[in-house]
Amino acid sequence: MIGLDSPAFWLMICALTFVTRGLQPRPGYRALVFALATGALFSLSGLALASYAGLVAVAAYGFVALRVGKGNWAVGLHAVGMSLVFVASQYATRAPFVTAGSTLGQVLPLVGLPYVYLRYLHLLVEVRGGRMQPPPALEYLAYLLPFHQLLAGPIERYPQFQKQLNAAIPPLDRDTCVLALNRITNGFVKKGVLAEILRSVLEFEFQTTGWRLWVEIDLYAIYMYLDFSGYMDIIIGAGMLIGWTPPENFNWPYFSRNIIEFWTRWHITLGDWIRDYLFMPANLWLQRGLLRNWPLLAGTICFILSMVYCGLWHRTNLQFGIWGLLHGLGIVACKYYEVALKRVLGRKRLKSYRASWLTRIAATLVTFHFVAASFLFAFHTPAQAIRILGGLL
Amino acid sequence: MSVHPRMQQVLREVFDDDDLVVTDSTTAADVEDWDSLAHVSIIVALEREFGIRFTAAEASEVENVGALRQMIELKLTQ
């Protein structure tokens, strides 16, 4: 079986993009070709076809839910319904009765479900809000289960997806080929070479202390970036080859000067999704009603709620909940620090304080180390993470 | 008073900056403190000023001050 994280798997994705390019004589067929390519991806990579069938079943449930019921209650009901499916599949994967050989073991884990889930909620809100027509079945399936964006996104919005789905494939000229292959090569170097070297050399067991531990934690954060952004480079490069460029997901995130900025440069499509479908509606609701005179408190609640959701979406367990909570608290701390600085320094002095390169460097370093340390909480128990961080002293 | 001066006054109050000047092409990126939290405060303050209501989707899709102004003008005529 080809591992989902192996270079062979990504080469297969690239090969599939070429095949789908050849099989797309006109836009009308593209949705069908995409759906078949996703099935082919499951077969060729050794993932169980039962798992693909499970994802199609979830999509089918969603397809019906898009058309059943009226008003806000229906949106809420279907959003809760799909969230329950998502949470149940996460827990069921870890259940003792789900063994590798059993039927459930074949269906679970529903590979790519976290992305299917967020894409679906976007569709649900937009369709039921009257801003979009429910997509036809094949286009809907191609959108929820795109073979090249199934495993780790990005979370493309349906209007952009549909536009590219129905556009004629541009000719594959020399410049596009060079750009695409350059992007794919970058991705393989980042993910398959640099990240792999870091992982195999350091192993990231965090058994060291003092400055060595500090370096290891920093390199772990860099490993995470290389691994994830390398994947995105491959996906974007492969997308260019079929005239279907997914949205960018990274913009030098470790050069952010605070956590708020970090989330506009790391996993950008996820940050945008959370802002539009969770932070904004929840904050509007609070600021219009209960907390109309306390906008900062409303923001505090919504930032923490949004980031805990973000953490639990990554993995529904205590560790990732704490990781999300830490990022929420980090954002809130930034906001309160900003408010305090404005009061102490005044607007003009705050502007020059922000413009100072010394402030910029210090803020960037603090942000980077906060992000790096937070990864420890995502992949260790709280006690283990605190013990590791204790080794820095 | 037309919509733009009233909008500018609301933005000055939200950002606590009497010198702030915005044009139709001003985006959130042009105003230092205009982040997602400030954006919600602006939307709610504009709702109170003009007696209108934005949906969450409308609040999210605003690209610049001009788009926001047009949205308010449209709502005022409805």
Which bit of B/Leu37 is near chain A, if near means a heavy-atom gap under 4.5 Å: side chain, backbone, both or neither?
both

Per-residue contact mode, B/Asp17 against chain A (heavy atom under 4.5 angstrom)
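Contact with chain A is through both the backbone and side chain of B/Asp17.
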
Roughly how far, to the nearest 0.5 Å, is CD of B/Glu32 from CZ of A/Arg347?
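Answer rounded to 0.5 Å: 8.5 Å.
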
Approximate separation, where rounding is to 0.5 Å, of B/Ser41 OG and A/Leu296 CG
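The OG atom of B/Ser41 sits 8.5 Å away from the CG atom of A/Leu296.
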
Pick one of side chain, backbone, both or neither for A/Tyr277, based on which atoms fall under 4.5 Å of a heavy atom in chain B.
neither

Taking every non-hydrogen atom, the tightest pair across A/Met280 and B/Ala56:
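Where A/Met280 meets B/Ala56 most closely, the heavy atoms are CG-O, 4.3 Å.
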
Which residues, numbered in order, of residues 288-295 of chain A come under 4.5 angstrom of chain B by heavy-atom distance?
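Only A/Arg288, A/Arg292, A/Pro295 of residues 288-295 of chain A have a heavy atom under 4.5 Å from chain B.
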
Are there residues of residues 258-274 of chain A whose heavy atoms fall under 4.5 Å of chain B's heavy atoms? If so, which?
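Answer by number: A/Ile260.
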
Using a 4.5 Å heavy-atom cutoff, which residues in residues 61-74 of chain B come close to chain A?
none

Between A/Lys335 and B/Asp33, does any side-chain N to carboxylate O distance fall below 4.0 Å?
no

Is the CZ atom of A/Arg67 crowded by more than 12 outside heavy atoms at less than 6.0 Å?
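Yes, the 6.0 Å shell around CZ holds more than 12 heavy atoms from other groups.
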
Please identify, among A/Lys342, A/Lys351, A/Arg275, A/Glu338, the residue contributing the most non-hydrogen atom pairs under 4.5 Å to chain B.
A/Lys342

Any side chain to side chain donor-acceptor pair (under 3.5 Å) pairs touching residues 298-312 of chain A, not counting sequence neighbours?
A/Tyr117-A/Tyr309, A/Thr300-A/Tyr336

Does a side-chain heavy-atom distance below 4.5 Å link A/Phe279 with B/Val40?
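Yes, close enough: below the 4.5 Å cut-off.
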
